[in-house]
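One structure, as structure tokens, below. Some questions next.
Computed from a prediction, not measured in an experiment: that's the story for all the values here.
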Amino acid sequence: MTSVPPASTGGPRRGRLFQRPGRRLGLVALTTLVTGSLLLSACSSSSSTTAGSSASAAADATGAAGASSVSAAAPAGSAVAPATAAASAVDTLIIANPVKVDTLDPQVSSVNESIWLDQTLYSRLVQADPTGTKIVPDLATSWDIAKDALTYTFHLRDAKFSDGSPVLASDVAWSINRAKKYDGGWGFLITAVTGVTAPDAKTVVVKLSKPHAPLLADLAMYAFAALPQKLVQAQGDAFFTHPVGSGPFVVSAYAPDTEVDLKRNDSYYGTKPKIANVKVKIVTNDNTRVLDLQSGAVDVIENPPGNLTTQINANPKLQVDLFPSTRVDFIQLSTKDKYFSNVKVRQAVRYAVDLDQINKLAYQGAGTPATSFMPYKMLYWNDSLPKPAVDLTKAKALLAEAGFPNGFTTNLITVSGDGAGQAEAVVIKDSLSKIGITVNIESYELVTAYGKEKTGFYGIGERYWTNDIIDPDEVVTFGVDVKAGSSSFDTFWSDATATKMTNDARSETDPVKRAAMYKQIQQIVWDQTPYLPINYPPYRYASGKWVTGFNVSPLGNYNDSLLTLTVDKH
């Protein structure tokens with residue numbers, strides 16, 4: 001969601017299918033994501049499997065054809081026993097992000113940049129692999145699925161929190177239950193879970209009321225990370241300023257508005273990262289981040305402005321990298337708004353906005369004009385939706401039918417400092433002016449902007465999200481079920497048929513039927529346009545060539561690459 005966050009910020013959160021050749025500007029074909037997705041949909045029940053096919057466990061759960069037992073090897077970049085990695089020449093990686101950290105409480109985090117930190121600090125029962133298409137072990141080395149698919153039994157490895165205390169099954173169970181109960185959080189993903197228990201120190205049992213197809217994908221999500229129960233209960237919110245986790249890094253300094261420093265966690269169960277420290281600086285201005293990279297003050301920057309990528313690439317010491325993503329840029333058309341409550345007005349907007357022009361101006365042609373609200377070519381993606389095409393005659397006719405033949409004036413909420421977002425806003429303003437809709441662009445700092453959008457009374461909201469899990473359940477539930485946590489991306493839109501299919505698809509055991517449901521849901525959203533997907537952009541980073549091995553998963557995070565990347569002297 002990225003990611004798809006609880007409060008509907010940017011967010012639905014590793015293989016090296018997505019490594020780009022030569023680390024130069026060049027988007028690896030997103031068909032790799034298609035392949036991975038298709039592999040998922042083709043998975044079938046089996047009595048046992050191994051790490052390379054552990055994603056099939058999710059499908060096993062839906063099929064419920066028989067009890068299954070999954071015994072999987074450790075994920076890439078880790079090992080069962082701690083090991084010492086070769087050191088990096090420079091011991092600190094400095095990353096500049098445009099967004100401040102909202103919290104390091106994984107059940108609350110709603111900003112992608114916070115979520116990615118969570119994934120370096122905390123371990124889960126399972127995790128997504130670096131390709132973003134498979135489920136692999138994390139704290140659990142294996143798991144058993146009952147014949148009726150209503151009981152999952154996870155078997156834990158020996159692992160420690162960063163303070164040296166052991167990770168107990170009771171900690172894991174308590175953490176999942178805590179996240180499930182949190183109002184406004186991610187509990188809506190695992191509503192089928194009736195209880196999580198720890199019969200002994202190394203066993204976690206998850207009970208379900210009905211089969212839940214995306215359970216393993218859900219449990220791989222940062223929100224269900226293992227926390228030390230006693231410490232959290234004793235320290236409350238203060239715990240999350242210097243949290244204790246069982247991931248490869250631990251917080252050494254915390255100033256969420258300016259800088260968060262991490263150091264290698266010597267208690268981590270897997271291979272020690274080659275880099276000893278990671279500094280995450282908050283630099284909200286796009287141009288300032290580029291200047292910092294050019295001066296060598298930082299090593300990696302997120303979201304370099306599109307209009308500067310040629311300049312960056314012209315510097316022999318720097319490079320721009322585009323990573324295949326699950327990001328979807330969209331605009332929200334709230335049904336609480338006096339104009340956008342009318343479906344014909346929303347459809348008029350869809351026919352008026354020039355998505356090809358947005359791709360050119362905002363992403364220099366590197367993205368793809370969007371059709372579905374689901375990530376490009378992900379599992380159950382509907383490839384039959386109409387391609388974007390401007391039709392001003394049809395748009396004007398729809399406005400007239402809606403009772404606004406002369407148009408109206410509205411606001412467009414955007415995030416300041418986001419060059420691509422601002423370019424999108426300019427195109428949207430220009431496009432809508434051609435059908436009589438006057439747009440006033442209002443730019444705010446991210447949290448303020450999203451706060452305004454949560455009310456439903458904002459005109460048009462500009463937003464993006466990235467996928468946090470390998471299953472479409474997250475984004476579909478988030479975007480379609482108005483009661484599921486985000487008020488349908490803060491549009492407050494609801495459709496009885498789409499909502500029912502969204503919930504039915506979660507426990508559907510037949511992948512073919514499940515696919516049909518998700519495709520119909522995407523068609524309903526396209527028809528009713530509560531939000532308009534406008535682009536599938538790649539993840540865009542720029543870095544010094546002195547950094548080797550920085551990679552971003554299609555799910556948006558780069559925590560796997562932090563285990564192995566190195567920084568040379570520069």
Side-chain angles (χ1 to χ4, degrees), residues 2-3 5 13 77-78 82 85 88 90-124 127 138-139 159-167 171-172 175 178-179 221-283 298-300 302 447 550 556-563 565 567:
T2 242
S3 82
R13 299 187 214 46
S78 65
S88 176
V90 175
D91 67 359
T92 301
L93 174 76
I94 305 176
I95 302 175
N97 285 339
V99 180
K100 66 181 181 182
V101 175
D102 61 348
T103 176
L104 295 180
D105 182 346
Q107 78 169 12
V108 180
S109 294
S110 62
V111 173
N112 274 344
E113 286 74 6
S114 306
I115 291 166
W116 301 334
L117 286 175
D118 290 342
Q119 294 184 320
T120 69
L121 303 174
Y122 309 111
S123 301
R124 288 84 69 195
Q127 61 180 307
D138 197 357
L139 289 173
K160 295 180 179 179
F161 289 112
S162 56
D163 65 351
S165 61
V167 177
D171 293 310
V172 177
S175 301
R178 174 180 180 265
M221 190 179 185
Y222 60 91
F224 305 107
L227 305 171
Q229 178 182 358
K230 291 182 179 178
L231 288 178
V232 176
Q233 289 178 324
Q235 299 176 17
D237 290 342
F239 171 88
F240 296 101
T241 61
H242 287 83
V244 170
S246 54
F249 288 92
V250 62
V251 172
S252 55
Y254 182 67
D257 292 340
T258 57
E259 183 173 316
V260 177
D261 295 349
L262 312 179
K263 66 178 181 180
R264 193 161 48 208
N265 174 17
D266 291 332
S267 295
Y268 179 54
Y269 73 81
T271 301
K272 300 292 188 299
K274 293 182 178 180
I275 198 80
N277 307 287
V278 178
K279 286 182 179 290
V280 178
K281 293 189 173 183
I282 316 302
V283 183
V298 303
D299 303 311
V300 177
E302 183 189 358
V447 174
F550 179 80
N557 54 69
Y558 43 75
N559 54 302
D560 278 293
S561 73
L562 296 182
L563 298 173
L565 68 78
V567 181

Side-chain contact, heavy-atom cut-off 4.5 Å: L563 with P273? yes
Would you call S88 and V567 a side-chain contact if the rule is heavy atoms closer than 4.5 Å?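 Side-chain contact under 4.5 Å: yes.
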Return the NZ to CG distance between K279 and L262, rounded to the nearest 0.5 Å. 9.5 Å
Residues L93, L565; criterion side chain to side chain contact (heavy atoms under 4.5 Å, CB included); working and verdict: CA-CA 9 Å; L93 174 76; L565 68 78; 3.9 Å; yes
Contact between N97 and V283 at the side-chain level, heavy atoms closer than 4.5 Å - yes or no? no
Rounded to the nearest 0.5 Å, what separation is found between the OG atom of S165 and the NZ atom of K160? 9.5 Å
If every non-hydrogen atom of T103 is compared with every non-hydrogen atom of Y254, which pair is closest and at what distance?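 Minimum heavy-atom separation between T103 and Y254: CA-OH, 4.0 Å.
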Distance, nearest 0.5 Å, that separates CD1 of I275 from CZ of R264: 8.5 Å
Close side-chain approach of L117 and L104, heavy atoms under 4.5 Å: yes
Could you tell me how the ring of Y558 sits relative to the ring of F550: parallel (under 30°), tilted (30 to 60°) or perpendicular (over 60°)?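 Tilted: the ring planes of Y558 and F550 meet at 30° to 60°.
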Within a strict 4.5 Å, meaning less than it, do heavy atoms of the S162 and F249 side chains meet?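 Of all side-chain heavy-atom pairs linking F249 with S162, none is under 4.5 Å.
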So does I94 get a backbone contact from the side chain of D299, meaning a donor-acceptor N/O pair under 3.5 Å?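 Flag set: sc D299 to bb I94 pair under 3.5 Å.
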Between D261 and S252, does any side-chain donor sit less than 3.5 Å from a side-chain acceptor?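 Distance-only check fails for D261 and S252.
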Answer yes if the side chains of Q229 and D171 hold a donor-acceptor pair under 3.5 Å, and no otherwise.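 Result is no, nothing qualifies.
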With side chains defined as the heavy atoms from C-beta onward, is the minimum distance between P228 and F239 less than 4.5 Å? yes
Between L139 and V167, does the side chain to side chain contact (heavy atoms under 4.5 Å, CB included) criterion hold? Intermediate values first, please. CA-CA 9 Å; L139 289 173; V167 177; 4.0 Å; yes
Roughly how far apart are I282 CD1 and E113 CD, rounded to 0.5 Å?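 CD of E113 is found 8.0 Å from CD1 of I282.
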Taking only Lys NZ, Arg NE, NH1 and NH2, and the carboxylate oxygens of Asp or Glu, determine whether R178 and D105 approach each other closer than 4.0 Å.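 The answer is yes: the pair qualifies as a salt bridge.
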Taking atom CG of D237 as the centre, report whether more than 12 heavy atoms of other residues, nucleotides or ligands fall under 6.0 Å from it. no
Taking all non-hydrogen atoms of both residues into account, name the closest pair between V250 and L121 and its distance.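 Of all heavy-atom pairs spanning V250 and L121, the closest is CA-CD2, 3.9 Å.
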Could you give the distance from CZ (F161) to OH (Y268), rounded to the nearest 0.5 Å? 14.0 Å
Would you give the length of the straight line joining atom NZ of K281 to atom CD1 of I95, rounded to the nearest 0.5 angstrom?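 Those atoms lie 12.0 Å apart.
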Could you check whether Y269 and D138, counting side-chain N and O atoms only, form a donor-acceptor pair closer than 3.5 Å?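 There is such a pair (donor and acceptor under 3.5 Å, judged by atom type) between the side chains of D138 and Y269.
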For Q119 and R124: C-alpha separation, side-chain torsions, deciding distance, then whether side chain to side chain contact (heavy atoms under 4.5 Å, CB included) applies. CA-CA 9 Å; Q119 294 184 320; R124 288 84 69 195; 4.1 Å; yes
Side chain to side chain contact (heavy atoms under 4.5 Å, CB included) for V251 and F240? Distances and angles first, verdict last. CA-CA 10 Å; V251 172; F240 296 101; over 6 Å; no
Taking atom types as modelled, find out whether S109 and S114 have a side-chain donor-acceptor pair closer than 3.5 angstrom.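 No - no donor-acceptor pair under 3.5 Å links their side chains.
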Do the side chains of N112 and V99 get nearer than 4.5 Å, heavy atoms only?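 Side-chain contact under 4.5 Å: no.
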